[in-house]
Amino acid sequence: MPFQPIYLASASPRRHNLLNSIQITHEVLNVPSPPGEDEPRLEQEAVLDYVRRTARDKLLRALEWRAQNSSLDQERAILSADTTVCMGEDIFGKPADMADAARILRELSGRRHKVMTALSLGVGGVEFESISISEVSFKTLNEQEIAEYCASGEPMGKAGAYGIQGLGGAFISHLSGSYTGVMGLPVHETYRLLELANLKIRTPG
């Protein structure tokens, strides 16, 4: 039985590729984003609450945008996700520029941080959610490594100023949790969320 198609409310090529890797038939919804790279954090908002809220906000924007576009399938499930890098209650978002990327990498150097990816799924007027929390340890970086990595351009557009699936993977000395969750879409949690929503998916193998 083929997978039931879903909409992915994310322009991230990594999330698109990860859905392809587990054979989830999907279409990317190009929902207009609010101004700025990162969602504003509410006063006194805990990191866990922030990442869950931002994932749900993306879902709600996608649902509203779809409702205004009659050419789209109004019954199809919509999946959204948000990834946050943090140490304690300090959030490291997408770097504003190369100098900001270098600053973030210096903060992460030789230390352990968390990567939280929240998922929100809307189908038939019902919302489902899940979250993946991973712990990542960085090797101690020297200034040359930081400069060369920034010059590669890879830190830009990525929470925490690094990509685990690229050159940044060489900086990671230990990972406890989900590799794909750190990439931006935990495939296990995604698969289980689709099962929870009773969407048509087949058992691997």
Enquirer: Would you mind telling me which of Arg15, Lys58, Arg53, Arg61 makes a salt bridge (charged side-chain N to carboxylate O under 4.0 Å, His left out) with Asp82?
Expert: Lys58
Enquirer: Tell me, do Ile22 and Leu18 make a side-chain contact under 4.5 Å, heavy atoms counted?
Expert: no
Enquirer: With side chains defined as the heavy atoms from C-beta onward, is the minimum distance between Val123 and Phe128 less than 4.5 Å?
Expert: yes
Enquirer: Do side-chain atoms of Gln74 reach the backbone of Arg66 as a donor and acceptor pair under 3.5 angstrom?
Expert: yes
Enquirer: Ignoring hydrogens, what is the shortest heavy-atom contact between Ser80 and Ala55? Give both atom names and the distance.
Expert: OG-O, 2.7 Å
Enquirer: Is Leu185 close to Leu119 at the side-chain level, that is, under 4.5 Å between some pair of heavy atoms?
Expert: yes
Enquirer: Are the side chains of Tyr7 and Leu79 in contact, using a 4.5 Å heavy-atom criterion?
Expert: no
Enquirer: Looking only at atom types and distance, does a side-chain atom of Ser137 sit under 3.5 Å from a main-chain N or O of Ser173, one as donor and one as acceptor?
Expert: no
Enquirer: Do Glu27 and Pro5 have side chains that get closer than 4.5 Å, going by heavy atoms?
Expert: no
Enquirer: Please answer whether the main-chain N or O of Arg106 pairs with a side-chain N or O of Ser109 as donor and acceptor at a distance below 3.5 Å.
Expert: no
Enquirer: Between Ile164 and Val136, is any pair of side-chain heavy atoms under 4.5 Å apart?
Expert: no
Enquirer: With heavy-atom distances below 4.5 Å as the criterion, would you say the side chains of Glu129 and Leu193 are in contact?
Expert: no
Enquirer: Thinking salt bridges, do Glu189 and Arg192 make one under a 4.0 Å N-O criterion?
Expert: no
Enquirer: Examine distances only and state if a side-chain atom of Ser178 and a backbone atom of Pro186 form a donor-acceptor pair shorter than 3.5 Å.
Expert: no
